[in-house]
Trainee: 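I am attaching a structure below and will ask some questions about it afterwards.
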Protein chains: 2
Amino acid sequence: MTAAEPTTRTSLLDAAELLITERGFARASVRAITEAANANVAAVNYHFGSKLELIKAVIERRIGPLNAERLRRLEACEAGGEVTLEAVVEAFVAPAIADARAESHRQRLARLLGMAFSQPSSELRAVMLQQFRPVIDRFVPVLIELLPDVSQEQIYWRVHFMIGALAFTIGLGDIVEAYSDGRCDASDMDSISRQLVEFLTAGFRYGTPGEDSR
Amino acid sequence: MTAAEPTTRTSLLDAAELLITERGFARASVRAITEAANANVAAVNYHFGSKLELIKAVIERRIGPLNAERLRRLEACEAGGEVTLEAVVEAFVAPAIADARAESHRQRLARLLGMAFSQPSSELRAVMLQQFRPVIDRFVPVLIELLPDVSQEQIYWRVHFMIGALAFTIGLGDIVEAYSDGRCDASDMDSISRQLVEFLTAGFRYGTPGEDSR
DNA sequence: GTCTATAGGTGGATAGAC
DNA sequence: GTCTATCCACCTATAGAC
């Protein structure tokens with residue numbers, strides 16, 4: 001708990017994260033991970049018990065702090081008395097994009113997140129559900145209060161739409177560069193974050209056409 | 001080209017699709033696929049050349065018709081003279097959700113789509129890009145015309161947000177059921193489609209706050 | 001904690017008979 | 001086109017010396 005010397009354990013986590021985002025869960029072999037970490041083949045089993053437990057640890061190490069930051073920002077909003085819809089959406093979106101910008105692992109976290117979500121493995125999806133649960137439980141009531149004309153059910157769906165747009169955007173932003181023939185810059189995180197927040201805020205606020213039309 | 005008798009080739013495609021969406025690309029082995037298709041182990045290599053080529057064929061078989069339907073619906077809008085923003089968004093969203101409802105493979109197509117997108121394998125991502133390119137190229141100009149105050153760059157990003165929300169929703173709708181403690185029904189495709197179209201339409205239309213505020 | 005060696009298994013692919 | 005038999009690369013996990 002003193003300094004940040006690279007233990008074998010953290011080296012394994014780093015190497016695993018890198019290789020998983022590069023190759024996927026299945027093709028990131030224990031052999032390759034231990035080799036990249038300058039550790040022994042048996043190190044994964046010694047430190048984590050199995051490859052699956054290592055993967056879980058990789059996911060939890062990233063998603064945990066990310067979601068904690070989301071909660072922290074939401075609480076900062078409430079403490080400041082400025083609980084606008086836009087601020088709440090930003091509290092959810094911005095930490096993920098900020099994290100994607102940090103270091104060299106630009107899309108790594110989000111791709112990891114997206115991969116873990118879309119993985120059919122029920123084990124990994126359970127980890128994701130467990131990690132996201134407190135965040136959803138905290139954000140939804142705030143959104144309900146901010147949008148009294150929108151039903152609870154609709155709020156849940158819109159939160160889901162938000163997560164989808166966010167995960168897809170960070171993990172696969174480079175696709176837009178290809179489609180737009182370079183007109184869009186997937187590395188301009190500030191612009192992306194702003195555009196996404198504005199888009200989602202509008203969806204939350206105006207996503208219910210006049211009730212009289214039904 | 002006469003009837004639809006189940007050839008070995010199509011049995012392999014069906015079995016591969018099912019197993020891929022259940023287990024993922026890596027864990028859907030050639031052995032399991034051929035067994036499920038009541039075919040011989042060597043059949044995959046005989047008919048497709050390799051496992052990778054089989055996977056590509058599975059993706060193309062589903063995404064191709066889906067995107068063709070999107071183009072067809074967009075053209076129907078234009079022919080009818082009713083090119084509203086909502087109709088255009090619906091032309092993009094509804095075919096995917098309709099397909100997800102058909103047969104028993106509820107989330108299969110979309111999960112396949114999401115998995116193929118988030119797969120680090122550059123081979124598969126190239127297939128996805130190639131399949132989506134004509135759709136993007138067709139929808140973007142229409143959206144530009146409908147939203148003269150929104151820059152081209154922003155349109156591309158919003159289309160990206162739309163795809164993300166859509167893919168995530170169809171592929172992982174059951175997550176919402178868990179988070180909402182059953183308040184949301186992920187099998188009510190009509191409701192989901194309507195809500196998603198309304199959410200996205202609002203994002204497209206009102207996603208740009210007044211310019212005077214900057 | 002780290003290493004070597006190896007067990008024990010599954011993967012994709014193919015050769016060659018039918 | 002279909003089958004069997006087989007090759008061989010690679011994987012996870014562990015036992016046991018250091």
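Proteins get letters first, then strands, A, B, ... in listed order; numbering begins at 1 in each. Bear in mind that the values here come from a model prediction, so they are computed numbers and not experimental data.
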Trainee: Which heavy atom of B/I33 sits nearest a heavy atom of B/A28, and at what distance?
Mentor: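 That closest heavy-atom pairing would be CD1-O, 3.7 Å.
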Trainee: Round to a whole Å and report the spacing from CZ of B/F48 to P of C/dG12.
Mentor: 15 Å
Trainee: Using a cut-off of less than 4.0 Å, is there contact between a side-chain N or O of B/S50 and OP1 or OP2 of C/dG12?
Mentor: no
Trainee: Do B/S11 and B/T8 get their side chains close enough for a donor-acceptor pair, meaning under 3.5 Å?
Mentor: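 No, because no side-chain N or O of B/S11 sits under 3.5 Å from a partner of the opposite role on B/T8.
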Trainee: As an exercise, state the distance from CZ of B/F92 to CG of B/L71, rounded to the nearest 0.5 Å.
Mentor: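 Spacing of CZ (B/F92) from CG (B/L71) equals 9.5 Å.
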Trainee: D/dT2 phosphate, OP1 or OP2: any side-chain N/O from B/T8 under 4.0 angstrom?
Mentor: yes
Trainee: Which residue lies toward the 5' end of DNA chain D, A/S29 or A/N45, if each is placed at its nearest nucleotide?
Mentor: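 Closest to the 5' end, via its nearest nucleotide, is A/S29.
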Trainee: How long is the line joining NE2 of B/H47 and C1' of C/dG12, in whole Å?
Mentor: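 These atoms are roughly 17 Å apart.
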Trainee: Is there a side-chain polar atom (N or O) of A/N40 under 4.0 Å from OP1 or OP2 of C/dT4?
Mentor: yes
Trainee: What's the closest nucleotide to the side chain of B/A42 if the choices are C/dT14, C/dG11, D/dT2?
Mentor: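 Between C/dT14, C/dG11, D/dT2, the one nearest the side chain of B/A42 would be C/dT14.
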Trainee: What integer distance in Å separates B/R27:CZ from C/dG11:C1'?
Mentor: 13 Å
Trainee: Rounded to whole Å, how long is the line connecting atom CD1 of A/I33 with atom P of D/dA13?
Mentor: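 From A/I33 CD1 to D/dA13 P: 11 Å.
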Trainee: If every non-hydrogen atom of B/F204 is compared with every non-hydrogen atom of A/F199, which pair is closest and at what distance?
Mentor: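 Looks like N-CE1, 3.6 Å.
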Trainee: Rounded to whole Å, how long is the line connecting atom CD1 of B/I20 with atom C1' of C/dG11?
Mentor: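 Atom-to-atom, B/I20 to C/dG11, this comes out as 15 Å.
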Trainee: Of B/A39 and A/K51, whose nearest nucleotide on DNA chain D comes first from the 5' end?
Mentor: B/A39
Trainee: Between atom NZ of B/K56 and atom OG of B/S50, what is the distance when rounded to the nearest 0.5 Å?
Mentor: 7.5 Å
Trainee: Rounded to whole angstroms, how far apart are CG on A/L19 and C1' on D/dC11?
Mentor: 15 Å
Trainee: Using whole Å, what does the distance between atom P of nucleotide D/dA13 and atom OH of A/Y46 come to?
Mentor: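 Value for this atom pair: 17 Å.
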Trainee: For A/E35 and C/dC3, what is the distance between atoms CD and C1' respectively, to the nearest whole Å?
Mentor: 15 Å
